[in-house]
Amino acid sequence: MNPVQANILGNLTKTISVDSSDIDTILAKYFISHYYEAKDFNIYTIAEKCNVSRSSIRRYCQRIGFENFFNLKKAMIENNSKGDIVTDSAYRKNLTSEILAIIRELDNRMNTDEVGKISKRIKSCSNFYILAENTENNVSKEFQIDLARCGKIVFPITTKTQFLKIKESFQKTDLIFSISVTGKYAEKIGDYVHSCPSKSILITCNRLKEFTNKFTYVYFMSHVDQTANAQIYREFGVPYFLAILANNYRNLFLNPTDK
């Protein structure tokens with residue numbers, strides 16, 4: 001599954017609740033059930049079948065990150081691959097190989113004093129913000145809990161709208177921690193982050209050089225561009241990275257005199 005398709009489906013599933021009468025749930029169920037029929041989507045037909053107004057559909061599209069219904073439809077059409085059939089044994093073999101390769105490289109790349117430097121920046125900042133879209137934000141939940149256990153409050157920001165709403169309140173002593181596996185979200189908000197007085201950190205698989213001009217510190221998860229393998233990095237690489245960082249921060253919390 002490509003990153004865009006994963007993001008679309010991820011945003012749709014997050015709006016589903018047990019309340020079958022909830023408009024978000026009704027629309028999410030329709031879009032997921034008819035995902036591969038997106039080329040035939042018509043806002044009038046969907047409004048009638050779901051018994052909702054067209055304005056409700058437009059607002060829903062905006063809530064899941066699209067400017068309008070047309071943009072959601074276009075994205076679904078352009079990212080509608082069902083994938084290929086892969087035998088269980090072949091899938092297990094490939095997945096195991098990929099995970100081990102990711103962990104080995106990350107273990108090597110994190111075997112430096114940079115992990116400790118990140119922890120100290122997090123500990124010393126006035127306000128710590130995690131800037132990530134919904135998919136990456138979910139991955140960081142455990143990390144947020146680990147920091148809370150050490151008394152550090154995390155302010156999650158998942159949309160550009162949320163970011164712009166509080167942009168003027170950022171201080172020099174704050175820290176913005178951005179997670180953008182594919183780099184697409186980082187490209188969207190990079191200029192806004194750069195304009196803030198706060199220090200910023202970016203974690204990504206995309207080795208786009210311009211990131212170093214927009215974020216104070218950039219940590220690439222691989223020595224080569226891995227955007228094509230974003231899903232596996234999101235599911236295994238990022239949690240591994242954050243687990244190592246959380247452990248280092250916990251040690252700093254338990255032994256604050258350790259320099």
Within-4.5 Å side-chain heavy-atom neighbours: I176 and K199: no
Close side-chain approach of I232 and I99, heavy atoms under 4.5 Å: yes
Aromatic ring pairing Y30/H34, orientation class (parallel under 30°, perpendicular over 60°, tilted between): parallel
Whether Y219 and F241 hold their rings parallel, tilted or perpendicular, with breakpoints at 30° and 60°: tilted
Quick one: closest heavy-atom pair of [X] and [Y], and the distance?
X	Y	answer
N80	M76	CB-O, 3.2 Å
R109	M221	CD-O, 3.7 Å
T204	V181	OG1-O, 3.5 Å

Pair F177 and F215, ring centroids less than 6.0 Å apart: no
Check: F41 ring centroid to F31 ring centroid under 6.0 Å: yes
[Y] versus [X], side-chain donor and acceptor atoms under 3.5 Å:
X	Y	result
Q171	S126	no
S180	S178	no
T25	S17	yes

Residue among I8, N7, L9 satisfying side-chain contact (heavy atoms from CB on, under 4.5 Å) with Q5: L9
K117 and E114 ion-paired at < 4.0 Å: yes
Please check if the number of heavy atoms outside [X] that lie under 6.0 Å from its [atom1] is greater than 12.
X	atom1	result
K152	NZ	yes
N213	CG	yes
L254	CG	yes
N51	CG	no

Within 45° cone and under 6.0 Å: R58 NZ/CZ vs F69 ring: no
S97 side chain to K93 backbone, donor-acceptor under 3.5 Å: no
